[in-house]
Amino acid sequence: MKLLLHTCCAPCSVYCIKTLRAENIEPTLFWYNPNIHPYSEYKARRDCLINYAEQKQVQLVVEDAYGLDEFCKNVIDKLGTRCEDYCYPLRFRKAFEYAKANGYDTITTTLLYSIYQKHDKIAEIMQAMAKEYGIEFLYRDFREGWREGQDEARAAGLYMQKYCGCVFSEEESGLGREIAKQLKKQGISPTNANVRKIIENNKEDGIINPTKIKEKQ
Ligand code: SF4
């Protein structure tokens with residue numbers, strides 16, 4: 001098997017590389033993440049992965065692409081569904097194209113490791129592209145190793161990001177902490193989707209006053 005592992009960051013790759021190698025599968029990591037903003041954050045995650053790949057002696061392909069304006073233009077009218085409608089397909093398609101052009105017969109992604117991602121959507125999009133490109137999709141529920149992978153990433157001193165990647169996820173993460181406290185008091189689990197909805201509903205002329213979020217749902 002010649003496997004390409006689309007890789008979002010070093011911490012998420014730790015458990016994936018470990019379990020694949022335990023199955024005698026040697027992955028090639030593939031970095032293509034123009035969804036990560038701002039540039040300082042993009043650079044921190046990319047460089048951390050480059051160093052980690054060297055340390056683990058795993059092959060890494062870097063498609064260096066930073067895309068703040070292009071990304072924003074493409075998601076601004078669909079913030080609630082931006083992950084599955086734009087971000088996942090954008091990154092996976094590039095990985096499939098690379099795999100096809102370079103003789104990889106199998107593909108998967110570290111996004112299947114994150115407990116914060118839309119796991120089923122990721123699998124669905126991957127499966128559909130696998131069919132389209134004639135490449136096998138290796139499904140794994142890497143989330144089962146979430147705690148183990150996080151602990152190992154911290155112990156290895158890897159850069160641990162505080163939000164998913166795009167500026168909108170940074171907004172959800174920052175404002176979301178305040179909104180989440182209030183939602184929990186009401187017995188509602190905070191999710192990116194309901195936090196996003198509250199942020200949008202609290203905007204006036206596109207602007208939000210963080211001290212006056214009223215949790216309009
Ligand atoms: S939240 Fe994460 S997966 Fe969703 S659009 Fe932003 S960077 Fe992409």
Side-chain angles (χ1 to χ4, degrees), residues 5-13 15-16 29-49 62-97 107-129 137 139-143 146 149-150 153 158-180 183 189-201 203 208:
L5 174 64
H6 168 264
T7 305
C8 61
C9 62
C12 288
S13 77
Y15 183 78
C16 303
L29 313 188
F30 183 77
W31 166 272
Y32 175 72
N33 299 297
N35 57 309
I36 301 170
H37 321 130
Y39 183 66
S40 53
E41 181 73 18
Y42 173 88
K43 189 173 182 302
R45 295 190 202 183
R46 181 201 60 197
D47 293 352
C48 179
L49 181 64
V62 174
E63 283 282 336
D64 215 6
Y66 176 69
L68 176 60
D69 50 352
E70 185 61 17
F71 187 91
C72 292
K73 264 189 266 168
N74 278 286
V75 301
I76 197 65
D77 293 327
K78 44 176 172 287
L79 289 181
T81 58
R82 66 188 186 278
C83 309
E84 61 270 38
D85 284 353
Y86 183 70
C87 186
Y88 298 150
L90 171 75
R91 293 188 279 165
F92 297 163
R93 188 164 293 287
K94 181 67 95 179
F96 271 96
E97 280 168 3
I107 197 166
T108 192
T109 174
T110 56
L111 289 174
L112 292 169
Y113 164 78
S114 175
I115 58 172
Y116 300 112
Q117 297 292 335
K118 298 178 180 176
H119 191 89
D120 295 345
K121 288 278 178 200
I122 291 165
E124 192 184 307
I125 295 166
M126 272 285 189
Q127 196 59 65
M129 285 194 188
F137 164 47
Y139 174 75
R140 289 287 183 277
D141 192 349
F142 293 122
R143 293 175 301 183
W146 173 254
Q150 289 285 290
L158 300 184
Y159 173 70
M160 308 293 285
Q161 60 264 20
K162 294 192 170 47
Y163 59 97
C164 183
C166 62
V167 285
F168 306 103
S169 62
E170 196 277 340
E171 182 178 70
E172 283 154 13
S173 167
L175 291 173
R177 271 189 282 277
E178 293 161 35
I179 295 169
L183 285 176
S189 298
T191 63
N192 282 353
N194 61 23
V195 167
R196 168 57 50 195
K197 204 167 159 204
I198 291 170
I199 291 171
E200 294 308 320
N201 289 346
K203 281 182 180 170
I208 193 161

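Every number for a ligand or one of its atoms is a count from 1 in the order of the listing.
Shown here for Pro89 and Cys83, the closest heavy-atom pair between the two residues is CD-O, 3.7 Å.
In this comparison of Pro34, Cys83, Cys8, the heavy atom closest to atom 4 (Fe) of ligand 1 sits on Cys83.
Within the 4.0 Å heavy-atom shell around ligand 1 one finds Gln117. Distances shorter than 4.0 angstrom do not occur between any heavy atom of Tyr163 and any atom of ligand 1. At least one heavy atom of Tyr88 sits less than 4.0 Å from an atom of ligand 1.
With rounding to the nearest 0.5 Å, the separation of CG in Leu79 from CG in Asp85 is 11.0 Å. Taken from CZ in Phe71 to CZ in Phe168, the straight-line distance is 7.0 Å, to the nearest 0.5 Å. Within the model, atoms CD of Glu84 and CG of Asp120 stand 11.5 Å from one another, a figure rounded to the nearest 0.5 Å. Atom CD of Gln150 is separated from atom OH of Tyr113 by 4.0 Å, given to the nearest 0.5 angstrom.
Here is the list of ligand 1 atoms found below 4.0 Å of a heavy atom in Arg82: 1 (S), 5 (S), 6 (Fe). Interface atoms of ligand 1 facing Ser169, defined by a heavy-atom separation under 4.0 Å, are 1 (S).
In Arg91, the part holding a heavy atom less than 4.0 Å from any atom of ligand 1 is the side chain. Residue contacts with ligand 1 for Phe71 involve side-chain atoms from C-beta outward but no N, CA, C or O (heavy atoms, distance under 4.0 Å).
When hydrogens are left out, the protein atom nearest atom 8 (Fe) of ligand 1 is Cys87 SG, 2.4 Å; that is the closest non-hydrogen contact. Summary of contacts: the protein heavy atom closest to atom 2 (Fe) of ligand 1 is Cys164 SG, 2.2 Å.
By the 4.0 Å N-to-carboxylate-O rule, Glu171 lies close enough to Arg196 to be salt-bridged with it.
Residue contact annotation: Cys166 places an N/O/S atom under 2.8 Å from atom 6 (Fe) of ligand 1.
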